[in-house]
Student: 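Sharing a structure with you now.
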Amino acid sequence: MLTPWLATLRSLPRDGRDTLFLLAVIAWVLLPQAGRLPLWCSLGAGAVLLWRGWLALQARALPGKLWLALLLVLTLTATYLTHGTLLGRDAGVTLLVVLITLKTLELRARRDAFVIFFLGFFCMLSNFFYSQSLLTAVSMVLGLLGLLTALVNAHMPVGKPPLAQAAKTAGAMALFGAPIMLVLFVLFPRMAPLWGVPSDTMTGRSGLSASMEVGTIATLALDDSIVMRIKFEGETPPQRELYLRGPVLSSFDGRQWLPLRASLPSRYALPADLQVTGQPVPYEVTLQPTNRPWLFLLEAAAQSPVLPGYRTVMQDDLQWLSNRPITDVVRYKAVSYPHFSHGPAQQVLGLQEFVDLPPGFNPRTLALAADIRRDPRYAQAGASALVQVALDRLRTGGYSYTLEPGVYGRDTADEFWFDRKEGFCEHIASSFVILMRALDIPARIVTGYQGGEMNSVDGFWVVRQSDAHAWAEVWQAGRGWMRVDPTSAVSPGRTGAFQRLAPPRGAVAQAFGNFSPNLSARVRATWEAVNNGWSQWVLNYTQGRQLSLLKDIGFKSPSWEDLATLLISVIVLASVAGGGWAWWERSQHDPWLRLLSQARRRLARAGIDSTPATSPRQLASQVLQKYGPQGQPLHDWLMQLENQRYAAPSATPKSQARQFSLLNQQLRRLSWPA
């Protein structure tokens with residue numbers, strides 16, 4: 001099947017072959033953007049690249065300027081209508097993709113190719129606006145090598161040089177440039193806000209929300225992406241105790257749970273009054289971008305987490321917030337205490353906000369609360385006993401924990417308690433808190449993450465979106481706010497290691513897992529550990545780590561000025577060393593003999609052997625004998641080399657140096673016969 005295609009490609013003229021190669025590289029660079037671009041842009045870019053490839057295969061004429069102008073106007077209009085602007089990250093990337101694909105339709109000369117090359121480099125960098133993962137980096141390195149190969153190939157204007165030759169030169173260029181890039185990466189000062197790519201603050205991210213409607217957290221359980229990684233400095237707490245606190249929701253309008261109103265009078269405020277006991281748990285969190293100011297910490301952290309470049313504050317409800325949204329990967333250290341108490345110990349005015357319920361909702365739940373209160377056993381019972389009544393009902397009433405409870409109607413608590421008797425954590429927590437409030441017990445919902453799993457390869461604790469959870473806090477006199485997880489009453493394994501609802505896997509992952517579950521888990525853990533290493537050592541190489549590096553090499557109080565000085569010194573020393581080596585190499589070796597030796601080695605690989613006594617003229621004659629007209633450019637270069645050596649001297653040493661430089665450039669660009 002592939003033989004006719006390969007024969008067709010090999011028979012193409014050089015322009016057609018090079019065009020198809022360049023189009024393939026552009027498609028590779030743009031492919032990661034397909035899911036982020038507007039649908040019309042992705043489909044349009046693919047159609048234009050396919051159209052341009054068909055024109056190259058058929059050797060047909062390119063469209064005229066009128067067509068290009070019309071397409072440009074249409075795409076500019078579509079970009080504005082889609083994004084509402086032509087500025088900003090998303091609109092800019094869309095325009096960049098539009099421009100590079102339309103530019104291929106006027107690829108007629110080398111200068112057009114150069115424009116496409118450099119637009120391709122910009123498109124390659126734009127992929128990192130959205131993802132800095134290891135997979136993205138590896139794919140863009142391949143894209144970089146492809147663009148460099150096309151660029152080198154464009155500088156070989158004579159004949160039809162094989163792409164493998166250009167790829168080899170491009171690989172050598174990248175290899176020689178790698179040490180320079182490594183030095184720049186390590187020493188270039190990371191000065192905020194210049195360092196890093198600003199993210200569009202209006203772009204939403206998958207994750208917990210500032211509000212909760214019954215059914216919303218269940219959708220997160222279908223998302224297996226990683227939210228954060230935790231590295232414990234000592235012993236890891238039991239999985240059932242890993243509650244990572246997020247938004248606290250206290251106001252209920254019948255459908256949604258919302259944070260407590262910020263406009264409440266100060267007399268209603270409830271200070272945190274956090275009291276911690278027992279052994280502290282130190283740990284470090286690597287948090288993925290959420291576009292929210294929330295910092296997820298184990299309950300409960302009494303001290304501010306160490307997050308360079310951010311200011312953090314703890315709310316009265318124990319939620320930690322930063323002074324700006326988390327739009328990039330961040331790493332912070334914290335200390336938490338699993339044993340704690342918080343909130344007022346005695347009844348205060350502000351607690352009334354936590355027993356309010358909207359009128360007209362969940363009448364059967366209200367009636368259930370009234371029945372419990374009329375029971376002589378609970379007429380004078382405190383909050384602790386009434387909480388136990390509700391938990392016993394959940395344990396023994398035939399309730400179940402599921403990702404697919406169906407769509408709930410208007411009275412969600414009534415449906416859960418009396419009709420469906422199944423739900424995800426937010427169904428259970430919401431119904432429990434409504435019942436508590438109906439019993440005149442202050443209660444609220446806490447959202448966050450619970451559990452996670454240990455990666456056996458790198459030792460990091462991994463928390464995913466599928467670990468999103470909702471639990472309750474109930475106020476008890478003399479104790480303050482107490483955590484109650486009603487989901488544990490329905491499904492005790494949810495907060496342990498035995499029963500975790502997992503999102504459905506794709507067909508390939510499922511087949512691989514069925515074939516070898518242990519191998520599948522091992523491969524996944526290894527890949528995530530490699531990605532974590534990339535994140536820890538590359539993406540999180542911050543100014544603080546740079547300054548620590550300077551301390552290690554002897555700087556007492558390093559600053560970014562010291563970094564700049566060290567970087568400039570290294571560059572100057574490397575330049576002086578490189579210049580000195582080049583001068584010594586030229587002084588020790590005859591440049592003419594060096595060029596002839598390079599030509600002999602290349603010809604030997606092509607099948608033309610020679611000895612040190614073989615003159616350039618003899619080599620040129622052998623080239624013509626073996627390759628005929630195809631070897632004419634190489635023949636002419638060898639004759640120029642001989643004339644430069646043996647012709648009557650008429651040039652100054654300076655002009656001779658220029659001639660050697662020109663001959664050296666020509667040797668690199670020559671098309672060597674296959």
Side-chain angles (χ1 to χ4, degrees), residues 237-238 240-252 257 259-260 264 267-281 297-303 314-320 335-357 369 372-373 375 377-395 425 428-448 450 469-489 492 495:
R240 63 180 180 275
E241 295 182 6
L242 297 179
Y243 284 84
L244 293 141
R245 195 179 186 93
V248 179
L249 311 175
S250 305
S251 296
F252 184 55
W257 286 94
L260 197 64
L264 285 175
R267 67 179 181 274
Y268 288 99
L270 298 180
D273 195 19
L274 175 62
Q275 306 292 326
V276 296
T277 59
Q279 289 295 322
V281 178
L297 280 81
L298 290 176
E299 293 183 327
Q303 301 165 344
M314 185 178 71
Q315 304 290 93
D316 290 340
D317 56 17
L318 299 193
Q319 183 186 5
W320 281 95
V335 177
S336 294
Y337 293 81
H339 303 288
F340 64 97
S341 63
H342 70 293
Q346 302 302 323
Q347 186 75 247
V348 294
L349 187 62
L351 289 173
Q352 182 60 40
E353 291 292 324
F354 300 94
V355 296
D356 286 347
L357 287 172
I372 294 174
R373 280 297 189 184
D375 190 323
R377 294 174 297 174
Y378 308 117
Q380 302 299 322
S384 179
L386 294 173
V387 166
Q388 195 60 45
V389 170
L391 294 179
D392 288 342
R393 185 182 182 92
L394 289 172
R395 291 190 188 99
C425 59
I428 304 172
S430 175
S431 302
F432 177 84
V433 170
I434 291 172
L435 179 59
M436 289 296 103
R437 291 190 174 194
L439 290 166
D440 204 31
I441 299 173
R444 61 191 183 187
I445 291 178
V446 183
T447 61
Q450 197 286 321
H469 194 48
W471 59 95
E473 281 188 334
V474 174
W475 184 84
Q476 299 182 27
R479 302 183 65 183
W481 292 106
M482 305 299 297
R483 182 205 301 148
V484 180
D485 193 344
T487 303
S488 297
T495 54

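The structure presented is a predicted model; accordingly, all values stated were derived computationally and were not measured. Each residue takes its place number in the sequence, starting with 1.
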Student: Looking only at heavy atoms, what is the nearest atom pair of G343 and W481, with distance?
Tutor: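 In this case the closest contact between G343 and W481 is CA-CD1, 3.8 Å.
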Student: If we only count heavy atoms from C-beta on, is the F354 to M436 side-chain gap below 4.5 Å?
Tutor: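 Answer no - side chains too far apart.
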Student: If you look at every heavy atom in L439 and R373, which pair is closest and at what distance?
Tutor: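 Minimum heavy-atom contact is O-NH2, 2.8 Å.
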Student: Using 0.5 Å steps for rounding, measure from the CG atom of L244 to the CD atom of Q450.
Tutor: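 Taking CG in L244 and CD in Q450, the distance rounds to 8.5 Å.
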Student: Are V387 and F432 close enough that some pair of their side-chain heavy atoms sits under 4.5 Å apart?
Tutor: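 Heavy-atom side-chain distance check passes, below 4.5 Å.
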Student: As an exercise, state the distance from CG of L386 to CG of D375, rounded to the nearest 0.5 Å.
Tutor: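 Between atom CG of L386 and atom CG of D375 there are 10.0 Å.
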Student: In Å, rounded to the nearest 0.5 Å, how long is the span from CD of Q319 to OG1 of T447?
Tutor: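 Output value for this atom pair is 7.5 Å.
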Student: Evaluate the side-chain proximity of L391 to V484: yes if any heavy-atom separation is below 4.5 Å, no if none is.
Tutor: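 Sidechains of L391 and V484: in contact.
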Student: With a 4.5 Å cut-off on side-chain heavy atoms, are V389 and I372 touching?
Tutor: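 They are in contact (side-chain heavy atoms under 4.5 Å apart), so the answer is yes.
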Student: When rounded to the nearest 0.5 angstrom, what distance separates NE2 in H339 from CD in Q279?
Tutor: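 It comes to 9.5 Å.
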Student: Between Q476 and A383, what is the shortest heavy-atom contact and its length?
Tutor: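 Smallest heavy-atom distance, with atoms named: CG-CB, 3.8 Å.
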Student: What I'd like to find out is whether the side chain of W471 reaches to under 4.5 Å of the side chain of Y243, using heavy atoms alone.
Tutor: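 In short, these two side chains touch, coming nearer than 4.5 Å.
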Student: Would you call L270 and D316 a side-chain contact if the rule is heavy atoms closer than 4.5 Å?
Tutor: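 The answer is no; the side chains never approach within 4.5 Å.
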Student: If we only count heavy atoms from C-beta on, is the R245 to W320 side-chain gap below 4.5 Å?
Tutor: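 They are not in side-chain contact.
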Student: Check whether any side-chain heavy atom of P259 sits under 4.5 Å from a side-chain heavy atom of L249, and report yes or no.
Tutor: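 Contact flag for P259/L249 side chains = yes.
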Student: State the CZ-CZ distance between R483 and F340, to the nearest 0.5 angstrom.
Tutor: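 Between atom CZ of R483 and atom CZ of F340 there are 5.0 Å.
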Student: How close do A369 and A438 get, heavy atom to heavy atom, and via which atoms?
Tutor: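 Answer, listing the atom of A369 first, then A438: CB-CB, 3.5 Å.
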Student: Using the side-chain contact (heavy atoms from CB on, under 4.5 Å) rule, pick out the option among L260, D317, V433 that qualifies with R444.
Tutor: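 The single option meeting the side-chain contact (heavy atoms from CB on, under 4.5 Å) with R444 is D317.
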Student: How many angstroms lie between CG in D440 and CD in Q352, if you round to the nearest 0.5 Å?
Tutor: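 If we round to the nearest 0.5 Å, D440:CG and Q352:CD are 7.0 Å apart.
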Student: What pair of heavy atoms forms the shortest contact from P338 to S336, and how long is it?
Tutor: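 Where P338 meets S336 most closely, the heavy atoms are CD-O, 3.9 Å.
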Student: To check you understand the geometry: which heavy-atom pair defines the closest contact between A345 and W475, and what is its length?
Tutor: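 What the structure gives for the nearest pair is O-CZ2, 3.7 Å.
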Student: Applying side chain to side chain contact (heavy atoms under 4.5 Å, CB included) to L274 and L318, what does each step give before you reach the verdict?
Tutor: CA-CA 8 Å; L274 175 62; L318 299 193; 4.2 Å; yes
Student: Is it the case that over 12 heavy atoms from other parts of the model lie below 6.0 angstrom from the CZ atom of R479?
Tutor: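 No.
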Student: Looking at F252, is R437 sitting on its ring face, NZ or CZ under 6.0 Å from the six-membered ring centre and within 45 degrees of the normal?
Tutor: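 Not satisfied by the 6.0 Å and 45° rule.
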